[in-house]
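This is the structure, below, for whatever I ask next.
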Amino acid sequence: MLLRSVLRSAAFAAAETRRPSSLLSYLLGHTASAAAAAASAVSSRSYSKAKTKTTTKGKVRVKGSRVVSADDAARPDEASSVDDDLNVEFELPTNPLPVTYDPALDVGPGGRPLFSFTKSFSSLTRKGACTYVDFSLDEWKAMLPEGLPPGMVKEFEETRRCAVMVRQSFLDLRDNFRRIVDPPFRTGAKNSKRQIVLDGPVSCGKTITLAMLVHWARSEGWLVFYVPKGREWTHGGFFYRAPYSDLWDTPVQSAKILQDFLKFNESFLQRLPCQIFDPIPLGEGAGVGMMKGVDSMAMPEGSTLYDLTQTGITYTQAAVGVVVHLRKELSLVKDIPVLFAIDQYNNWFTFSEYQEPVTVRSCRPIHARELSTVNAYRSMMHDDMMVGAFSHSTAVGKLRQELPDVPLDARVMLPRYTLDEAATVSHYYLS
């Protein structure tokens with residue numbers, strides 16, 4: 001809101017003086033006068049509100065609730081056009097920073113470059129920390145077809161660019177998993193963690209850091225099981241007690257899980273054969289009930305993980321069983337690195353939205369661990385690479401330090417901005 005107020009005040013000041021320069025050049029060349037205009041606008045706006053309570057004689061009301069003088073209203077072409085430009089709903093930018101650009105905008109703290117020109121996060125070194133990487137919106141959607149995090153979309157809309165800042169904490173997380181797959185000759189991967197839980201203060205960047213990690217891993221050719229909204233596994237849809245276990249099945253969510261997993265990984269799954277041929281249990285389908293006379297199905301010899309995933313999508317009765325079966329299959333994949341990336345991971349350690357009727361007047365809340373899908377994917381007590389990010393925006397409450405089925409040293413606290421990072425953000429927003 002403060003940035004928007006400064007922009008609006010500077011825009012009106014530029015229109016008042018009738019200078020042909022653009023709004024951006026005005027801001028860059030007249031920073032001091034823009035700040036003074038912003039302060040003047042605040043005081044005059046308060047004075048206008050006080051005067052409006054008593055009389056509006058000699059005033060006319062224009063777009064919005066702002067009151068201006070008749071002399072100002074006589075020039076609607078200048079002031080109103082600038083106001084419309086600032087209030088228009090901007091579309092997300094689709095192009096990255098061009099090769100030929102204004103050097104004055106690529107200046108970070110201490111005169112260092114503000115942007116790093118790269119096609120992926122793989123080539124960045126520690127020197128690339130506290131710089132921005134600008135990808136196109138189409139590339140972000142292609143690398144994260146499951147959906148962009150809401151916080152990332154909000155950042156893109158406010159800055160009108162699809163750029164993210166490379167933080168040192170992200171580089172440490174990336175290098176941790178890189179050492180596991182390609183360990184250094186001398187030190188190896190003994191100091192690396194295969195399971196990590198990203199925790200930290202509210203809005204410190206956990207979700208965007210996880211999304212950047214998924215982008216990097218997929219650009220490296222990894223098979224990534226990415227869940228951008230773990231809360232959806234425990235809320236909404238149809239649920240029932242599984243006839244083959246004491247857990248609860250959610251076929252609607254399971255079908256969506258398989259569809260999302262197939263969006264980016266289809267080519268990988270077509271090359272990976274099934275290694276487990278145990279029967280897949282069948283349950284109730286969403287709106288179709290149980291299959292008559294059949295309680296399980298088996299994948300034929302020579303099937304691929306793509307065939308397995310398509311089976312769960314085609315037959316809604318098999319969706320939950322396929323999701324659980326797929327978790328076991330992914331643990332056996334050795335040809336390519338496999339990474340499980342779960343956002344809103346803390347929602348899997350509290351109660352779900354579902355309730356089980358106990359009496360006519362009471363119900364028992366169902367815990368997330370009682371859901372078949374969550375029960376299969378929540379645990380970190382294995383050798384697979386897995387990272388889960390807490391999301392405090394979902395407001396599940398504070399969890400205890402020692403989580404069940406999670407290694408004691410798995411939690412990593414993601415800090416807020418350092419002074420250098422805060423300076424970089426300030427330069428980025430100003431430019």
Worksheet entry | For Thr309, the option from Asn265, Leu269, Ile257 that meets side-chain contact (heavy atoms from CB on, under 4.5 Å) |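 Answer to the side-chain contact (heavy atoms from CB on, under 4.5 Å) test with Thr309 among Asn265, Leu269, Ile257: Leu269.
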Worksheet item: Between Arg179 and Pro184, what is the shortest heavy-atom contact and its length?
Response: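 So the two residues come closest at CG-CD, 4.1 Å.
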Worksheet entry | Check: Ser303 and Cys274 side chains under 4.5 Å, non-hydrogen atoms |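 Side-chain contact under 4.5 Å: yes.
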Worksheet item: Once you round to the nearest 0.5 Å, how far does CZ of Arg411 lie from CD1 of Ile196?
Response: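 Here the rounded value is 13.5 Å.
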Worksheet item: Can you tell me if Thr304 and Asp307 form a side-chain donor-acceptor pair at under 3.5 Å?
Response: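 Short answer, yes.
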Discussion item. Would you call the rings of Tyr132 and Phe115 parallel, tilted or perpendicular, taking 30° and 60° as the class edges?
Written reply: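 The rings of Tyr132 and Phe115 sit tilted, inter-plane angle from 30° to 60°.
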Worksheet item: Is there a donor-acceptor pair under 3.5 Å between the side chain of Asn176 and the backbone N or O of Lys193?
Response: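 Indeed, once roles are kept as given, a pair shorter than 3.5 Å links the two residues.
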Worksheet item: For the residue pair Gln168 and Ala129, what are the closest heavy atoms and their distance?
Response: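 Reported closest heavy-atom pair: OE1-CB, 3.7 Å.
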Discussion item. Here's one to test your reading of the geometry: is the NZ or CZ of Arg327 within 45 degrees of the ring axis of Phe340 and under 6.0 Å from its centre?
Written reply: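 Satisfied, under 6.0 Å and within 45°.
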Discussion item. Checking side-chain polar atoms at under 3.5 Å, does Thr359 have a donor or acceptor matched by the opposite partner on Ser362?
Written reply: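 A pair is found: one side chain offers a donor N or O, the other an acceptor, under 3.5 Å apart.
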Fill in: 4.5 Å side-chain heavy-atom contact, Met143 and Val214
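No, too far: nothing below the 4.5 Å cut-off.
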Fill in: Residue Asp409 excluded, over 12 heavy atoms near CG under 6.0 Å
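Yes, because the 6.0 Å sphere around CG of Asp409 holds more than 12 heavy atoms from other groups.
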Fill in: Flag for Thr234-Ser352: side-chain donor and acceptor within less than 3.5 Å
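Per modelled atom types, Ser352 and Thr234 side chains form no pair under 3.5 Å.
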Discussion item. Could you check whether any side-chain N or O of Ser245 sits under 3.5 Å from a backbone N or O of Ala242, counting only pairs where one atom can act as donor and the other as acceptor?
Written reply: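 No.
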Item to complete: Report the C-alpha separation of Arg271 and Tyr306 in whole Å, then their side-chain angles, then the decisive distance to 0.1 Å, and conclude whether the side chain to side chain contact (heavy atoms under 4.5 Å, CB included) test is met.
Response: CA-CA 8 Å; Arg271 303 194 304 265; Tyr306 173 80; over 6 Å; no
Worksheet item: So, are Lys256 and Asp260 salt-bridged, with charged N and O less than 4.0 Å apart?
Response: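 The answer is yes: the pair qualifies as a salt bridge.
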Practice prompt. Determine the minimum heavy-atom distance between Gln275 and Leu332, stating which atoms define it.
Written response: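 Between these two residues, the closest heavy atoms are NE2-O, 3.2 Å.
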Worksheet item: Given Phe277 and Glu301, is the side chain to side chain contact (heavy atoms under 4.5 Å, CB included) satisfied, shown in steps?
Response: CA-CA 8 Å; Phe277 295 95; Glu301 294 286 342; 3.8 Å; yes
Worksheet item: Side-chain contact, heavy-atom cut-off 4.5 Å: Phe121 with His215?
Response: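 Heavy-atom side-chain distance check passes, below 4.5 Å.
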Item to complete: Look at the side chain of Gln195 and the backbone N and O of His382, then say whether any donor-acceptor pair between them is shorter than 3.5 Å.
Response: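 A pair under 3.5 Å: yes.
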Worksheet item: Ala286 and Val252: which non-hydrogen atoms are nearest, and at how many Å?
Response: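 Scanning both residues, the minimum pair turns out to be CB-CG2, 3.8 Å.
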Worksheet item: Tell me the salt bridge (Lys or Arg N to Asp or Glu O under 4.0 Å) pairs involving residues 343-368, sequence neighbours left out?
Response: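 Every pair satisfying salt bridge (Lys or Arg N to Asp or Glu O under 4.0 Å) with a residue in residues 343-368: Arg241-Glu356, Glu356-Arg364, Arg364-Glu370.
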Item to complete: Assess the side chains of Glu220 and Ser122: does a donor N or O sit below 3.5 Å from an acceptor N or O?
Response: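 Yes, because at least one side-chain N or O of Glu220 sits under 3.5 Å from a partner of the opposite role on Ser122.
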Worksheet item: Considering all heavy atoms of both residues, which atom of Leu247 and which atom of Ser372 are nearest to each other, and what is their separation?
Response: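 Shortest heavy-atom contact: CB-OG, 3.4 Å.
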Worksheet entry | Leu371 CG to Gln253 CD distance, which is reported to the nearest 0.5 Å |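 Those atoms lie 8.5 Å apart.
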Worksheet item: For Ile313 and Gln259, what are the C-alpha separation, side-chain angles and deciding distance, and is it a side chain to side chain contact (heavy atoms under 4.5 Å, CB included)?
Response: CA-CA 7 Å; Ile313 296 175; Gln259 292 169 359; 4.0 Å; yes
Worksheet entry | Side-chain (Lys141) to main-chain (Ser136) donor-acceptor, under 3.5 angstrom |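 Here the side-chain-to-backbone pair does not exist.
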Worksheet entry | Whether Glu329 side chain and Ile276 backbone form a donor-acceptor pair below 3.5 Å |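 Answer holds: yes.
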Worksheet item: Can you tell me how far the CD atom of Gln317 sits from the CG atom of Asp295, to the nearest 0.5 Å?
Response: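 These two atoms lie 12.5 Å from each other.
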Fill in: Basic-acidic side-chain contact under 4.0 Å: Arg194, Asp383
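Result for this pair is no, no salt bridge flagged.
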Discussion item. For Pro279, is there any backbone N or O sitting under 3.5 Å from a side-chain donor or acceptor partner on His325?
Written reply: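 Not at all, since once roles are kept as given, no pair shorter than 3.5 Å links the two residues.
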Fill in: Note, Phe351 side chain near Ile366 side chain (heavy atom, < 4.5 Å)
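They are not in contact (no side-chain heavy atoms under 4.5 Å apart), so the answer is no.
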Worksheet entry | Polar side-chain atom of His367 near backbone of Trp348 as donor-acceptor pair, under 3.5 Å |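 The answer is no, because no donor-acceptor pair under 3.5 Å joins these two groups.
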Worksheet item: What heavy-atom pair brings Gly128 and Val166 nearest, and what distance separates the two atoms?
Response: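 Heavy-atom minimum between the residues: O-CB, 3.7 Å.
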Item to complete: Supply the atom-to-atom distance Thr209 OG1 to Arg174 CZ, rounded to the nearest 0.5 angstrom.
Response: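 Reported value, rounded in 0.5 Å steps: 13.0 Å.
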Worksheet item: Do we see a donor-acceptor contact under 3.5 Å between the side chains of Ser254 and Thr373?
Response: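 Side chains of Ser254 and Thr373: no pair found under 3.5 Å.
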Practice prompt. Start with the C-alpha distance between Tyr377 and Phe225, add both sets of side-chain angles, then the distance that settles ring-ring contact (aromatic ring centres under 6.0 Å, His included), and finish with yes or no.
Written response: CA-CA 10 Å; Tyr377 286 81; Phe225 188 94; 4.9 Å; yes
Discussion item. Any heavy-atom pair between the side chains of Val358 and Cys363 that's under 4.5 Å?
Written reply: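 The answer is no; the side chains never approach within 4.5 Å.
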Worksheet item: Between Asp249 and Tyr244, does a side-chain hydrogen bond (donor to acceptor under 3.5 Å, both in side chains) hold up when you go through it step by step?
Response: CA-CA 10 Å; Asp249 287 355; Tyr244 50 85; 2.8 Å; yes
Item to complete: Output yes when Asp172 and Arg126 qualify as a salt bridge under the 4.0 Å nitrogen-oxygen rule, no when they do not.
Response: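 Yes.
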Worksheet item: Taking C-beta and beyond as the side chain, do Asp335 and Leu272 meet within less than 4.5 Å on heavy atoms?
Response: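 Answer yes - side chains close enough.
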Discussion item. Can a donor-acceptor pair be found, under 3.5 Å and without considering hydrogens, that links the side chain of Arg416 to the backbone of Val202?
Written reply: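 A pair under 3.5 Å: yes.
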Item to complete: Please test Ser431 against Leu114 for side chain to side chain contact (heavy atoms under 4.5 Å, CB included), starting from the C-alpha separation and ending with a verdict.
Response: CA-CA 10 Å; Ser431 65; Leu114 185 61; 3.6 Å; yes
Worksheet item: Within the distance-only criterion (no hydrogens, no angle test), does the side chain of Tyr354 pair as donor or acceptor with the backbone N or O of Phe239 below 3.5 angstrom?
Response: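 No: the side chain of Tyr354 does not pair with the backbone of Phe239.
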Worksheet item: Can the positive tip of Arg369 be found less than 6.0 Å from the middle of the six-membered ring of Phe349, inside 45° of the ring normal?
Response: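 Verdict for Phe349: no cation-pi partner in Arg369.
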Worksheet item: Are Gln344 and Trp233 close enough that some pair of their side-chain heavy atoms sits under 4.5 Å apart?
Response: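 They are not in contact (no side-chain heavy atoms under 4.5 Å apart), so the answer is no.
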Item to complete: Would you give the length of the straight line joining atom OG of Ser391 to atom CG of Asp199, rounded to the nearest 0.5 angstrom?
Response: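 Atom-to-atom, Ser391:OG and Asp199:CG are 11.0 Å apart.
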Worksheet item: So do the side chains of Tyr345 and Val197 get within less than 4.5 Å of each other, counting heavy atoms only?
Response: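 Heavy-atom side-chain distance check passes, below 4.5 Å.
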Worksheet item: Quick one: CZ on Phe261 to CG on Leu258, what's the gap to the nearest 0.5 Å?
Response: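 Separation between the atoms: 9.0 Å.
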Worksheet item: Got a donor-acceptor contact below 3.5 angstrom from the Ser116 side chain to the Val133 backbone?
Response: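 Flag not set: sc Ser116 to bb Val133 has no pair under 3.5 Å.
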Worksheet item: Salt bridge check: are Asp405 and Arg378 linked by an N-O gap of less than 4.0 Å?
Response: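 Yes.
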Fill in: Heavy atoms from other residues, nucleotides or ligands near NZ of Lys263 exceed 12 (cutoff 6.0 Å)
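Count over threshold, so yes.
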